[in-house]
Amino acid sequence: MLPSLGRYPFWQDEAETALLARSIVKNGLPCAWDGKNIITQLNGNESTADGLWTFTPWLPFYITAGSFKLFGESNFAGRLPFVLIALLSLIPVYLLALKITNSRHAAIVSTVFLALNMQFILYSRQCKYYSIFFLLAPLALLFLTEIAKSRKKAVLFSSCLILMFHANYVAAFTLVCGMLFYAAVSKNKDLFKRLVIIGIAIIPFTIPFLFLSDIGASAAGVTSAPTFKSYFEKLFRHIWYFNNMVFPVILFIPFYFSKTLRQSSNMLLAVILGAWLALPLTNQDVFRYNLGLIPLFPIMLSLILASVWRKNKTFAVFAALILLSTNILNYFPWIMSKIALKTADYKFVKFIKFDSSEKTKRYLLNLDSEISGLSLKSIITHDVLKSEYTAYLNEINGKYDEPLAAVIKFLSENASDNDIIAINFDQLSLAYYLDLKIANMIDKEKLAIAKKFTLPDYILGYSDADWYIDHPASLLQGPVVNKSGVLKPGGEIFDTGINTLYWDGNWPQRFRNYANKYLFKEEAFNETVKIYKLNSSK
């Protein structure tokens, strides 16, 4: 996890954490306004009128700030504490597996499977809250069944819940729902009652934080009550993420038919299902909000392998190797679909007539490009074998050019101190690495929380921008720079020659993109990162 930890710049959300940590080092509190740029992805509604950040909890910011204070500001220092937390999480996973399986060998297998899980590795290398849940989720479950027997365990369990809350609200909510679901389906009234009592007891350490700001205005930026249709769409898509990246859903079948497996894993199964069912209630299907479940799946795998081991040791070893080195069980339907689509020379682009948006057009054209470039070799290397391991090794060995790093380097060498930069995404990354003005961060009409400080004109528009970076992504909420409106006659174009990705920054899914688009030279995106100088007279 540590090699090349600081090689690549922070992507947008990491930069948000790093910028707020920088503010804590300077001011003691996470402030969204530094006098030049505002930290926001939701039209400035994440902070109070005074600029105090309240949209997400502060624990990750203070962890990062502590590292900055000890080691100085750097990519490595920002990510280091979260890698260390992830490594610590291997201990409670071992102990929880040992408690569930009553086997040291199964506990070791569980720990090894987690340590080699690519999503565990990639999310642990982020300057974000992710690894906190890798640690706290198995730790909380370790104490969960003993809160009725031991006051000390009840206190430790309560502490886990409090820390989860202050790491991320949504991720904490889904895990708590999973635990309540376990207490309900196990018909353990005493456990359910104690969970409710503990919930009430920790209110003074959690809920007051929510009243620091206008939560209604902030929450409206990212969530709303899902419809019946959208709930199930998000639920199935969320399970699809886990099937592809963590645990083949087909392996739930042995638990369904085996009473022994079900009894051994009833807590894990209930927590996983409860957390899955809870997430779409927030109108989210984002994988990262259920990362706390990832440490539970290696224990499920170890239970299956232990069961197979008792019947046939050779087959158990073979099954373990298949799970570790291939995606066959995860991708089998998709593998067969790719072969069928290639054989039929199928084209998705015809669906553009149903949705002519640029985003849909880009997506469908990429699908057609991917299918046209398919070969037996690519299917084996991309889908059958776990190519992400090779991509990760190439990543830490520096074999990829980083689009965001190229932009930062170019602007640091060519932009003047008072220049204004317009970009649809990675604004926070540029704000972190460059002491420049970032345009178009807020749509004033959607600014629900009035600010006491004056927002400069360049933050509310891009008419005075000096530079424009063409980016295929845009903020979830907030203004979008209109390319046709920002480009001016007489400007200059600088082509970095580096292929762009839909999300440029160092986030986990990017590694899969690199595996597909760089490792085997079958780029779905043929665009390169271009930087436009809009005012050549300056």
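Just so we're clear, the structure is a prediction, and the values are computed from it rather than from any experiment.
- Although no hydrogens or angles enter the test, the distance criterion places no donor-acceptor pair under 3.5 Å between the side chain of D466 and the main chain of D419.
- You'll find the side chain of I272 stays beyond 4.5 Å of the side chain of N290, heavy atoms only.
- Put simply, the side chain of N45 gets close to the backbone of K446: a donor and an acceptor are under 3.5 Å apart.
- A 4.5 Å side-chain heavy-atom check between L296 and L141 finds at least one atom pair inside the cut-off.
- When atom types are taken as modelled, the side chain of K444 and the backbone of L460 share no donor-acceptor pair closer than 3.5 angstrom.
- When atom types are taken as modelled, the side chain of S186 and the backbone of A183 share a donor-acceptor pair closer than 3.5 angstrom.
- Distance check: Q12 CD to I423 CD1 gives 8.5 Å after rounding to the nearest 0.5 Å.
- Annotation: the span from S89 atom OG to L84 atom CG amounts to 11.0 Å, rounded to 0.5 Å.
- Taking L161 as the reference, F157, M164, V176, M179, I198, I202 meet the side-chain contact (heavy atoms from CB on, under 4.5 Å) condition, with sequence neighbours excluded.
- A donor-acceptor contact shorter than 3.5 Å is absent between the side chain of S265 and the backbone of M300.
- For the residue pair Y231 and L277, the shortest heavy atom distance occurs at OH-O, 2.6 Å.
- One side chain, Y433 or N75, offers a donor N or O that lies under 3.5 Å from an acceptor on the other.
- When all heavy atoms of T48 and T54 are compared, the closest pair comes out as CG2-CG2, 3.8 Å.
- Residues passing the ring pair (Phe, Tyr, Trp, His ring centres under 6.0 Å) test with Y532, sequence neighbours excluded: Y468.
- By the neighbour-count criterion of 12 heavy atoms within 6.0 Å, atom CG of N482 is densely surrounded, having more than that number from other residues, nucleotides or ligands.
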- prompt: Given the rule in the side chain to side chain contact (heavy atoms under 4.5 Å, CB included) test, do R79 and F10 qualify, once you have shown the distances and angles that lead to the verdict?
  reply: CA-CA 9 Å; R79 293 175 179 135; F10 295 136; 3.5 Å; yes
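- The shortest side-chain heavy-atom distance between I63 and I85 falls under the 4.5 Å cut-off.
- Annotation: F205, atom CZ; neighbour count of heavy atoms from other residues, nucleotides and ligands within 6.0 Å does not exceed 12.
- Nearest heavy atom pair, residue R7 against residue I396, reads NH2-O, 3.4 Å.
- Taking CG from L163 and OG from S158, the interatomic distance works out to 11.0 Å, rounded to the nearest 0.5 Å.
- Between F133 and I294, the closest side-chain pair of non-hydrogen atoms is not below 4.5 Å.
- Taking each heavy atom of E14 and R125 in turn, the nearest pair found is OE2-O, 3.9 Å.
- Residues P479 and N43 approach most closely at CD-OD1, 3.6 Å, considering heavy atoms.
- A salt bridge links K36 and D435; the closest N-O separation between the charged side-chain nitrogens and carboxylate oxygens is under 4.0 Å.
- Contacts of F232 classified as ring pair (Phe, Tyr, Trp, His ring centres under 6.0 Å), with partners at least two apart in sequence or in another chain: F228.
- Considering only heavy atoms from C-beta on, L2 comes within 4.5 Å of L80 through its side chain.
- Between atom OG of residue S230 and atom CZ of residue R237 there is a gap of 9.5 Å, rounded to the nearest 0.5 Å.
- Counting only heavy atoms from C-beta outward, the side chains of P295 and P138 approach each other to under 4.5 Å.
- A distance of 14.5 Å separates CE of M267 from CZ of F181, quoted to the nearest 0.5 Å.
- Looking only at atom types and distance, the side chain of K451 has a donor-acceptor partner in the side chain of S47 under 3.5 Å away.
- Residues forming a ring pair (Phe, Tyr, Trp, His ring centres under 6.0 Å) with F120 (at least two apart in sequence, or on another chain): F134.
- Judged by distance alone, with hydrogens and angles left aside, the side-chain atoms of S67 form a donor-acceptor pair with the main-chain N or O of A77 at under 3.5 Å.
- Residue L447 holds its CG atom at 11.5 Å from CG of L42, rounded to the nearest 0.5 Å.
- Residues F252 and F247 place their aromatic rings such that the two centres sit under 6.0 Å apart.
- With ring centers used as reference points, F242 lies under 6.0 Å from F287.
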task: Take L430 and N37 through the test side chain to side chain contact (heavy atoms under 4.5 Å, CB included) and record every step on the way to the result.
output: CA-CA 10 Å; L430 297 187; N37 290 309; over 6 Å; no
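- Under the side-chain contact (heavy atoms from CB on, under 4.5 Å) criterion, F173 pairs with C177, A278, T282, not counting sequence neighbours.
- The list of ring pair (Phe, Tyr, Trp, His ring centres under 6.0 Å) pairs with a residue in residues 17-48, not counting sequence neighbours, reads W33-F453.
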Side chain to side chain contact (heavy atoms under 4.5 Å, CB included) between L136 and L175, intermediate numbers included: CA-CA 10 Å; L136 294 178; L175 273 173; over 6 Å; no
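- No side-chain donor-acceptor contact under 3.5 Å links N440 to the backbone of Y462.
- Counting heavy atoms from C-beta outward, I24 and T64 have side chains that stay 4.5 Å or more apart.
- Residues S74 and Y432 approach most closely at N-OH, 4.2 Å, considering heavy atoms.
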Worked verdict on W58 versus L29 for side chain to side chain contact (heavy atoms under 4.5 Å, CB included): CA-CA 9 Å; W58 296 353; L29 290 170; 3.9 Å; yes
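- The side-chain heavy atoms of Q41 and Q427, taken from C-beta on, include no pair separated by under 4.5 Å.
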query: Can Y123 and N117 be said to form a side chain to side chain donor-acceptor pair (under 3.5 Å), step by step?
result: CA-CA 10 Å; Y123 277 98; N117 180 278; over 6 Å; no
